[in-house]
S.K.: 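Once you've had a glance at the structure underneath, I'll fire off some questions.
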2 protein chains.
Amino acid sequence: MSGVHVARVAARIRADIISGGLEPGARLTEKLLAERYEVSRVPIREALRILSAEGLVTIRPYAGASVADRPDDDAADLFAIRIELEAATARRAGERCAAQTGERSAEISELLVELERILAEGDQTLKAGDLIKLAPLNSQFHQRIAELSGSQSLVSLLDQISGRIEWLYAVNVTKRGGEAWAEHHLILDAVRQGQAQRAEELMRHHVAGSRDSYFKYARPSS
Amino acid sequence: MSGVHVARVAARIRADIISGGLEPGARLTEKLLAERYEVSRVPIREALRILSAEGLVTIRPYAGASVADRPDDDAADLFAIRIELEAATARRAGERCAAQTGERSAEISELLVELERILAEGDQTLKAGDLIKLAPLNSQFHQRIAELSGSQSLVSLLDQISGRIEWLYAVNVTKRGGEAWAEHHLILDAVRQGQAQRAEELMRHHVAGSRDSYFKYARPSS
DNA sequence: TCTTACAGGTTTGTATACATTCGTGAAACA
DNA sequence: TGTTTCACGAATGTATACAAACCTGTAAGA
């Protein structure tokens, strides 16, 4: 993305926030972060600016950075937005595949292979009952579908919104079972066969199910 | 937002990109920007990281920053997302006003006053036929409604999405007339009276009209 | 002619030093 | 006792210096 260390540092702080390791309101002093990640304050500051733009961190002039408030009350609205967003990525991914049924560009082919791999790995993980490891695979699936849409805007918006939604699960993680995983196969099939409208409908249903599971099982206790 | 100069620099670069003064693909060398804005490279770099997270700028390691591709093909999808987003802000703004009909908190009262002022100024501007100046007032109106929702997430997401949509208008600006301005009055009335559902419906209609105007008049020629 | 190697300059990435601001707590005073 | 002032420490904001990587064009060689 940018500086060599900046991306790494931002990713680690982001993971610490989303995982719940850093509580909302916790101060993020540059000196402490610089020592923890063994870089100077410059990459730290740049990483904090990125996280600020992502809404995970609040920065006030001369007062420094702190972990932003977790958007607990925004769950329903965030899911509503995410439904439209992912519906768009699925439809456009389907359209791109439909436009190139003859011989597909290298980028599309690679993404399709990657998606197959993710699904296969998820199937195995699911069979082993290792639900914890399913979460990152789920994220990767949706991210790759977005990349398949060919729209940089949709990719980065999905990053932001799904990041915030994952943050909501920080307290009680993954009570949501793997029942939704099978839907991924249907979505990818529709996309690959260029059935854009069907892919969109399946994705809407899928994300709506994710939303319902959240309100049923994973509502934060706070 | 953060550093003293960082916010100012980021705002100016952002304005230059959205206004079309900087073409997509244009390189943004730190040295040039530092000289133009008369600060060192440090605030420049931080501003570029913010704009990168906003999707306006692309950064590659050791290759620097350049203006990202304008999301022309994403207009329909961006508007679809924006409809859900602004529907949420309007509804929740209405809910907050409904919850405090007796005596309103200082923050809500101030925002309502500010919204009145924006509407009045827009009415005058409209009467004078000064359509150019209507655009920023329009942005402010929607931004204040979002702040009235009380959700920081929705505010920052609106910033990002509306920023990209404004970017779409860079080529041929504001052919869209002021016919939609009157709808703002209806929306604010519904919000103030705590009619959350009505506010949401009005906002959906309003943004959908904005979308239709875009495809009717302001489609970029490229 | 085309390819390859390399030197030079340019640009980005990081570290350090200095300037500025803010928060805090002790001391002076009413 | 309560309030105000002010000085000091700590953190942020910025500038500068240096290191590392990249790009370009030039020349040697096949």
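In what follows, every chain begins at residue 1, and chains take the letters A, B, ... in the order their sequences are listed.
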S.K.: When all nucleic acid strands are considered with a 4.0 Å heavy-atom cut-off, which category describes R49(B): base, sugar-phosphate, or nothing?
M.R.: sugar-phosphate
S.K.: Report the distance from atom CG of L33(B) to atom P of dT10(C), rounded to the nearest whole Å.
M.R.: 18 Å
S.K.: E30(B) CD to dG13(C) C1': how many Å, rounded?
M.R.: 8 Å
S.K.: Heavy-atom nearest nucleotide on DNA chain C for G64(B) versus E38(A): which residue maps closer to 5'?
M.R.: G64(B)
S.K.: Take T29(A) and V39(B), find for each the nucleotide of DNA chain D with the closest heavy atom, and name the residue whose nucleotide sits nearer the 5' end.
M.R.: T29(A)
S.K.: Between D74(B) and R164(B) (salt bridge meaning N to carboxylate O under 4.0 Å), is one present in this structure?
M.R.: no
S.K.: Any base atoms under 4.0 Å from V42(A), or only sugar-phosphate, or nothing? Heavy atoms, all strands.
M.R.: base
S.K.: Would you check if the side chain of R45(A) reaches a backbone N or O of V42(B) as a donor-acceptor pair within less than 3.5 Å?
M.R.: no
S.K.: Carefully, step by step, assess L28(A) and L32(A) under the rule side chain to side chain contact (heavy atoms under 4.5 Å, CB included).
M.R.: CA-CA 7 Å; L28(A) 301 170; L32(A) 180 74; over 6 Å; no
S.K.: Does a side-chain N or O of H5(A) approach OP1 or OP2 of dT14(C) to a distance below 4.0 Å, or not?
M.R.: yes
S.K.: Specify the separation, in whole Å, of atom CZ of R60(B) and atom C1' of dT11(C).
M.R.: 13 Å
S.K.: Thinking salt bridges, do R96(A) and E107(A) make one under a 4.0 Å N-O criterion?
M.R.: yes
S.K.: Is any side-chain N of the basic residue among R117(B) and E114(B) closer than 4.0 Å to the acidic one's carboxylate O?
M.R.: yes
S.K.: Between atom OH in Y62(A) and atom P in dT21(C), what is the gap in whole Å?
M.R.: 5 Å
S.K.: First and last nucleotide of DNA chain D in contact with chain B, 5' to 3', at under 4.0 Å to a heavy atom: what are they?
M.R.: dG13(D) to dC22(D)
S.K.: Roughly, in whole Å, what's the span from CG in L48(B) to P in dT12(C)?
M.R.: 9 Å
S.K.: Taking the side chain as every heavy atom from C-beta outward, state whether E84(B) and I83(A) have any pair of such atoms under 4.5 Å apart.
M.R.: no
S.K.: Ignoring hydrogens and geometry beyond distance, is a side-chain donor-acceptor pair present between D130(A) and T125(A) at under 3.5 Å?
M.R.: no
S.K.: Using whole Å, what does the distance between atom P of nucleotide dT11(C) and atom CZ of R41(B) come to?
M.R.: 10 Å
